[in-house]
K.L.:
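Have a look at the structure that comes next, please.
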Amino acid sequence: MKEVRTRFAPSPTGYMHIGNLRTAIYEYLIAKSQGGKFLLRIEDTDQARFVEGAIEVILKTLDIVGLKYDEGPDVGGPFGPYVQSQRKSIYKDYADKLVELKGAYYCFCSKEKNDSESTAVPVKHDCRCKDLSALEISENFKHNKPYVVRQRIPHEGTTTFHDLVYGAVTVENSELDEGVLLKSDGLPTYNFANVVDDHLMEITHVVRGSEYLSSTPKYNLLYTSFGWDIPEYIHLPPIMKTAEKKLSKREGDASFEDFIAKGYLPEAIVNYIVLLGWNPGTNEEFFSLRELEKCFSTEGLSKSPAIFDVNKLKWMNGEYLRRLSLEDFNSLALPYYQEVLGREIDSKKVSALLQKRTEILSEIPEKVEFLHSLPDYDSALFVHKKMKTDYVNSLSNLKAAKEAMSVLETWDLANIEENLANLISKLGVKNGQVLWPLRTALSGLESSPGGALELAELLGKTETLRRIDVGINKLANKVD
Ligand code: GLU
């Protein structure tokens with residue numbers, strides 16, 4: 001059996017689109033689940049679209065998500081170079097060979113004409129150049145006349161291919177355009193380079209977006225002209241925002257880096273997007289990459305476009321955060337604390353409160369802001385029907401709490417708890433009648449991560465007593 005070999009072949013556009021990342025993951029999994037090889041190839045032949053630093057973005061993304069490639073630009077391999085702009089002479093040789101094989105022809109039409117037709121716009125190119133004699137061609141070469149190489153398409157008949165997701169796809173050859181394969185600058189178009197490279201790199205499974213479905217018959221004509229084996233095709237439906245709308249970089253939901261910057265975990269993103277278009281055949285929703293390497297199979301791939309539900313991703317990310325050890329959560333949260341917290345607050349204790357209550361890390365500064373500075377809250381917050389608190393009892397219980405707490409010497413959770421428990425029983429009131437006003441005074445919020453005891457411990461004695469004073473003043477204004 002032939003070794004399974006897949007490739008991720010991104011164009012360096014400057015960011016990693018969520019859909020492309022999913023393609024990369026499926027390619028990786030198809031190879032790894034069958035003991036095969038996964039490789040990275042940079043498709044940068046469209047120099048006009050080249051973006052500085054874009055290759056680094058690709059390498060970094062694959063590294064962060066753990067998609068280790070066996071061959072690629074920075075790790076090398078037997079079929080290199082793995083950057084298309086460094087393979088120029090290879091394409092030229094194959095283009096000449098294809099002309100010999102009658103699968104293509106040299107086209108000497110004006111640059112303007114060729115440039116306008118080398119785009120993806122499907123224009124039927126019925127050019128006189130395909131009937132030039134050998135003599136005319138060599139004359140043109142002698143005069144250094146610029147040329148492109150165009151694919152020669154038989155205008156009768158149909159071409160059919162089988163796609164693992166879409167099934168049999170048939171097109172009329174007359175629908176196919178005679179597109180440019182090699183441009184006048186000697187660089188190939190995607191339409192040529194992908195075929196040459198997939199063949200030379202011995203790719204067995206080509207996985208890519210469904211936008212390539214309609215041009216795949218053209219690629220097969222090239223494989224056939226060369227007498228090469230046609231790979232398995234797996235075209236993937238797009239990931240959509242809604243039934244009509246695509247994900248959009250501008251709206252912040254198309255780029256992997258944007259999600260990382262918002263505090264999503266790479267593992268959660270990978271897990272979520274794998275399930276957009278692939279069904280494991282069970283109800284299990286949580287998969288690590290290692291687990292997927294074992295259980296992934298192309299049978300679960302679907303051809304219906306998947307809807308990207310950011311709330312579901314958020315939920316899943318929250319689950320991933322909860323499954324971390326406290327240490328790991330704390331070290332991920334630290335940079336977010338530093339935005340708002342002073343050094344005197346024990347971050348581990350904050351993490352213990354937040355871990356259960358955080359879905360994405362970027363929510364953290366907002367959630368802990370109150371620890372840094374007490375919000376200017378409305379004293380109506382002290383009044384709580386269920387807790388049986390009003391202005392009057394809140395005021396007197398806060399005063400009592402202040403008195404009791406100010407004599408506490410060892411400021412830790414156990415002592416604070418004991419101290420307040422004694423106070424509550426001495427006062428003969430309900431727990432909530434002391435703890436609700438206290439929590440309100442310490443947080444200034446309607447709801448806070450952690451109750452009165454945890455907040456008091458976190459804030460320390462001085463700040464706790466200061467905040468109680470603020471509450472007392474607010475209430476005194478109401479009661480007078
Ligand atoms: N460079 C192409 C893209 O980024 C890759 C298509 C393919 O995988 O063949 O869309």
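Note that the coordinates shown come from a computational prediction; the quantities given were computed from them, not determined experimentally. Heavy-atom basis, side chains included; hydrogens, waters and symmetry copies ignored. Residue numbers count from 1 along this sequence. Both ligands and their constituent atoms are indexed starting at 1 by order of listing.
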K.L.:
Mark yes when over 12 heavy atoms from residues, nucleotides or ligands other than Glu284 sit less than 6.0 Å from its CD; otherwise mark no.
P.N.:
yes
K.L.:
Whether Glu267 and Arg323 form a salt bridge (side-chain N of Lys/Arg under 4.0 Å from carboxylate O of Asp/Glu) is what I want to check.
P.N.:
no
K.L.:
Which residue and atom name correspond to the protein heavy atom nearest atom 3 (C) of ligand 1, and how close is it?
P.N.:
Tyr212 OH, 3.4 Å
K.L.:
Give the residue, atom name and distance (to 0.1 Å) of the protein heavy atom nearest atom 8 (O) of ligand 1.
P.N.:
Arg7 NH1, 2.8 Å
K.L.:
Look only at interatomic distance and state if Glu211 has a nitrogen or oxygen under 3.5 Å from any nitrogen or oxygen of ligand 1.
P.N.:
no
K.L.:
Provide, to 0.1 Å, the distance between atom 5 (C) of ligand 1 and the closest protein heavy atom, together with that atom's residue and name.
P.N.:
Ala9 O, 3.0 Å
K.L.:
Who's the nearest protein heavy-atom neighbour of atom 1 (N) of ligand 1, and how far?
P.N.:
Glu43 OE1, 2.6 Å
K.L.:
Of the backbone atoms (N, CA, C, O) and the side-chain heavy atoms from C-beta on, which set of Phe8 has a member under 4.0 Å from an atom of ligand 1: side chain, backbone, both, or neither?
P.N.:
neither
K.L.:
Assign the ring pair Phe308 / Phe259 to parallel, tilted or perpendicular, where the plane angle (0 to 90°) is split at 30° and 60°.
P.N.:
tilted
K.L.:
Should we say atom CD of Glu366 is surrounded by more than 12 heavy atoms from elsewhere, each under 6.0 Å from it?
P.N.:
no
K.L.:
Enumerate the atoms of ligand 1 whose separation from the nearest heavy atom of Ser11 is less than 4.0 angstrom.
P.N.:
1 (N), 2 (C), 3 (C), 4 (O)
K.L.:
Hey, which atoms in ligand 1 end up nearer than 4.0 Å to a heavy atom of Arg208?
P.N.:
7 (C), 8 (O), 9 (O)
K.L.:
For atom 6 (C) of ligand 1, what is the nearest protein heavy atom, given as residue, atom name and distance?
P.N.:
Tyr190 OH, 3.3 Å
K.L.:
Answer yes when Glu27 and Arg7 have at least one side-chain N-carboxylate O distance shorter than 4.0 Å, and no when they do not.
P.N.:
yes
K.L.:
Check the angle between the aromatic planes of Phe108 and Phe141 and answer parallel, tilted or perpendicular using the 30° and 60° thresholds.
P.N.:
perpendicular
K.L.:
Should the pair Trp228 and His199 be assigned to parallel (<30°), tilted (30 to 60°) or perpendicular (>60°) ring geometry?
P.N.:
parallel
